[in-house]
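Note on naming: letters A, B, ... go to the chains in the order of the sequence lines (proteins, then strands), and numbering restarts at 1 for each one. Nothing here was measured: the structure is a model prediction, and the numbers come from that model.
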Amino acid sequence: MKLKEEVNTRIKEAFAKAGIEAESITVTDATKPEFGDFQFNGAMALAKQLKQNPRQIAQMILDNLELGGMIRKAEIAGPGFINLWLNPEWVATSCQQAEKEERLGIGRKENPIKAVVDYSGPNMAKQMHVGHLRSTIIGDTLANLLEFLGDEVIRQNHIGDWGTQFGMLIAYLEEMGDEGNGSLKDLEQFYKDAKSRFDADEAFANKAREYVVKIQSGDAHCLTLWKKFIDISLGHCEEVYEKLDVNLSREDVRAESFYNDALAKVIEDLDNAGMLKESDGAQCVFLEGDEVPVIVRKSDGGYLYATTDLAALYYRANVLGAKRISYVVDARQSGHFKQVFRVAKEAGFVPEDVKLEHVAFGTMMDKTGKPFKTRDGGTVKLIDLLDEAVVRAKAAITSKENYSEEELEKIARIVGIGAVKYADLAINRESNYIFDWDKMLSFEGNTSLYMQYAYARIQSIFRKYGKQVEGEIVIGDELEHKLAVMLLRFEDVLNKAAEDAAPNQITTYLYELVTLFMRFYERNPILKEGVDERTRTSRLMLADLTAKSIKQGLAILGIQVVDRL
RNA sequence: GCACUCGUAGCUCAGCUGGAUAGAGCACCCGCCUUCUAAGCGGGCGGUCUCAGGUUCGAAUCCUGACGGGUGUACCA
């Protein structure tokens, strides 16, 4: 249900009938319960334009407002606010319909597009650490969300599999022989070992340098080694994806090396477009207003990050046919993307109507407010964080009920991993955030467990009830009204979250929804004695729609629910 | 130096297309389990929204400046 749009339409019609021109009309959520469900504040702004009394304008709108079955009451308040109350019968019927539908009454986009979401992008020479978490789960959420709303989503995992360090790594892998597979378990260590070997042994260093050239020139032996290395390293990433419950597979991998053959063409095209200039021996694009150029080819002939990204943009826009290309990458690279996007558009690599966006997220800080160091120790390996999350969840669950070992393991995984993902997704992606192990693994307050707990409580009710619910929803009190309206707002929230690529809008919504439900649960008994049949049915249906909404919302975030907790 | 970004309760954060008394969680204090799961619910404590100007009927929200944190700034990705 596009609730706000429905209300907006009514207001727009009122404007038209009153003969008032107004550009954008949007109602907002009421700020207080006593102000109803929605409020329209536009009369005040309009009053200034028209040089009239705002209350008079508001009155004119009211006089022309068709309440229909949807709106129960509309009132002018204060300087010219219009407060709107939704009709409980209308709310009830709408919820009733949503409860029956697979998609909970949420429509699919009328004009779906192809959307590329570029996320995760681990470097094959390094182990995934907590810093990689954000891109992976924000990207996955965005992809799930767009998919749910009807777009054709193409996930792209742009892994870093190319560069000088691979010469050293494969030379070392070769030396290790069969032991190599095992040592690669700890990539960080493997890298260190290779590096110290490189620094200590001149012959090895030379071989490493030679191998870099050989991979790039397509030497069969070196390519085999390289492929083996990438394969093993990618396997480790997949272990993490598996644990994280992220929808990324090998088919989504489109590595840096994939674009190698297209790089020369990028330079050629830029040159043909007259955008290329040589500076200090390097091929550059100078953008108007930018101090630093975009270097696309080094003075030694090598290509760069920007070159690969341009090739990738071309591929995504023209071969994949994407109309929205979202890069879920650390905010520190915003300068880079701003430039690359501009070059791509100016050079015509990407058609004008394609939306390019950098879904930037903040840097992770430690508890003292300093950036998490990537190199010299101190980093938490992602896999360790996830394992610890499951261990803690298990400890927390064990005390509650008796589970079989198998059940326990399954629930602990869902709860623990969910907590880690939720903690990250719940904060505004753009600001920096502090990595706090304990906070991330907390199970109190606004956490995924709160939602999962509510879901389990509802399932418990239905287990006891033991029948299918059939009947109608009747809004019994103010609390049920609030809950029902909140349920109807789901689609609005998802659409806005998709537009802004903001997962925290979904978590905020879920938290508000569940908070309302918990109060409803405490105050309005369902199966207890003395509850009449009609009320019981209605409350069961509200609970059911709540559960389904929680499940769907969490599913988009990549978090599962359990029936029992 | 220049550019970007952030500055809201003791801590961690929402709110930012301007609206009516600024919201949560954690922490702290009080209350609620013989009836649907107390990982919950109710109540309390806690704020000159960094500061100073400006625009406006109205500013945490928009603009300017200062201060403070973070980041980026020519051949790494």
Problem set entry | Partner nucleotide, any strand, of B:A14 [Watson-Crick/G-U, under 3.5 Å] | none
Exercise. What interatomic distance, in whole Å, is found between C1' of B:U73 and the corresponding atom of B:C13?
Worked result: 31 Å
For this session: Go ahead and name the base partner of B:U64; Watson-Crick or wobble counts if both distances stay under 3.5 Å, otherwise write none.
Result: B:A52
Exercise. Going by an N to O cut-off under 4.0 Å, is there a salt bridge joining A:R413 and A:E409?
Worked result: no
Exercise. Does A:T515 make a side-chain N or O approach to OP1 or OP2 of B:G25 shorter than 4.0 Å?
Worked result: no
Exercise. Does B:C76 have a Watson-Crick or wobble mate here (both distances under 3.5 Å), and if so which one?
Worked result: none
For this session: Return no unless some side-chain N or O of A:K439 is found under 4.0 Å from OP1 or OP2 of B:C13.
Result: no
For this session: Provide the distance between the two P atoms, one in B:G19 and one in B:C28, to the nearest whole Å.
Result: 35 Å
For this session: Taking only the side-chain nitrogens and oxygens of A:Y453, find out if one of them lies under 4.0 Å from OP1 or OP2 of B:A39.
Result: yes
Exercise. Taking the six-membered ring for Trp, are A:F341 and A:Y327 parallel (under 30°), tilted (30 to 60°) or perpendicular (over 60°)?
Worked result: tilted
Exercise. Between A:F443 and B:A39, do the rings stack, that is, sit under 5.5 Å apart with planes less than 30° off each other?
Worked result: no
Problem set entry | Closest nucleotide among B:A14, B:C75, B:U37 to the A:I295 side chain | B:C75
Seminar exercise, completed: Of the candidates B:U37, B:G70, B:A39, the side chain of A:A396 sits closest to B:A39
For this session: Calculate the interatomic distance between A:N41 atom CG and B:C57 atom C1'; express it in whole Å.
Result: 14 Å
Problem set entry | A:T508 (side chain) and B:A24 (base): donor-acceptor pair under 3.5 Å | no
For this session: Determine the interplanar angle of the A:H358 and A:F337 rings, folded into 0 to 90°, and report it as parallel if under 30°, tilted if 30 to 60°, perpendicular if over 60°.
Result: tilted
Exercise. Should B:C30 be called syn or anti, with syn set as within 90° of 0?
Worked result: anti
Problem set entry | Aromatic ring pairing A:H129/A:H132, orientation class (parallel under 30°, perpendicular over 60°, tilted between) | tilted
Exercise. Out of B:A77, B:C13, B:U21, which nucleotide sits closest to the side chain of A:E256?
Worked result: B:A77
For this session: Would you indicate which nucleotide in B:G40, B:A74, B:C2 comes nearest to any side-chain atom of A:E522?
Result: B:G40
Seminar exercise, completed: Comparing A:Y450 with A:T31, nearest RNA chain B nucleotide closer to 5' gives the residue A:T31
For this session: Rounded to whole angstrom, note down the P distance from B:G7 over to B:C63.
Result: 13 Å
Exercise. Is any N or O donor-acceptor pair between the side chain of A:D290 and the base of B:A74 shorter than 3.5 Å?
Worked result: no
Problem set entry | Among B:A20, B:U37, B:C76, the nucleotide that comes nearest once only the side chain of A:K298 is considered | B:C76
Exercise. What's the OH-C1' distance between A:Y521 and B:A38, to the nearest Å?
Worked result: 10 Å
Exercise. Quantified in whole Å, what is the C1' atom distance between nucleotide B:U17 and nucleotide B:A60?
Worked result: 15 Å
For this session: Could you tell me whether the phosphate oxygens of B:A39, OP1 or OP2, come under 4.0 Å of any side-chain nitrogen or oxygen in A:R457?
Result: no
Exercise. Now, which nucleotide makes the Watson-Crick or G-U wobble pair with B:U71, with each of the two distances under 3.5 Å?
Worked result: B:A3
Exercise. What's the closest nucleotide to the A:P525 side chain, out of B:C36, B:C26, B:G70?
Worked result: B:C36
Exercise. Which nucleotide in the list B:C57, B:A39, B:C36 gets nearest to the side chain of A:L527?
Worked result: B:C36
Seminar exercise, completed: Re B:G31: Watson-Crick or G-U wobble partner, both distances kept under 3.5 Å, found to be B:C41
Exercise. Between A:R429 and A:D424, is the closest basic N to carboxylate O distance under 4.0 Å?
Worked result: no
For this session: Determine the Euclidean distance between corresponding P atoms of B:C26 and B:G58; express it in Å to zero decimal places.
Result: 39 Å
Seminar exercise, completed: Of the candidates B:G72, B:A77, B:A39, the side chain of A:L304 sits closest to B:A77
For this session: Considering just the side-chain nitrogens and oxygens of A:S460, establish if one lies under 4.0 Å of OP1 or OP2 belonging to B:C36.
Result: no
Problem set entry | Distance below 4.0 Å between A:R519 side-chain N/O and B:G42 OP1 or OP2 | yes
For this session: Respond yes when some side-chain nitrogen or oxygen of A:N428 is under 4.0 Å from OP1 or OP2 of B:G15, and no when none is.
Result: yes
Exercise. Is the distance between the ring centroids of A:Y450 and A:Y453 less than 6.0 Å?
Worked result: no
Problem set entry | A:F229 and A:F190 aromatic ring geometry - parallel, tilted or perpendicular at 30°/60° bounds | tilted
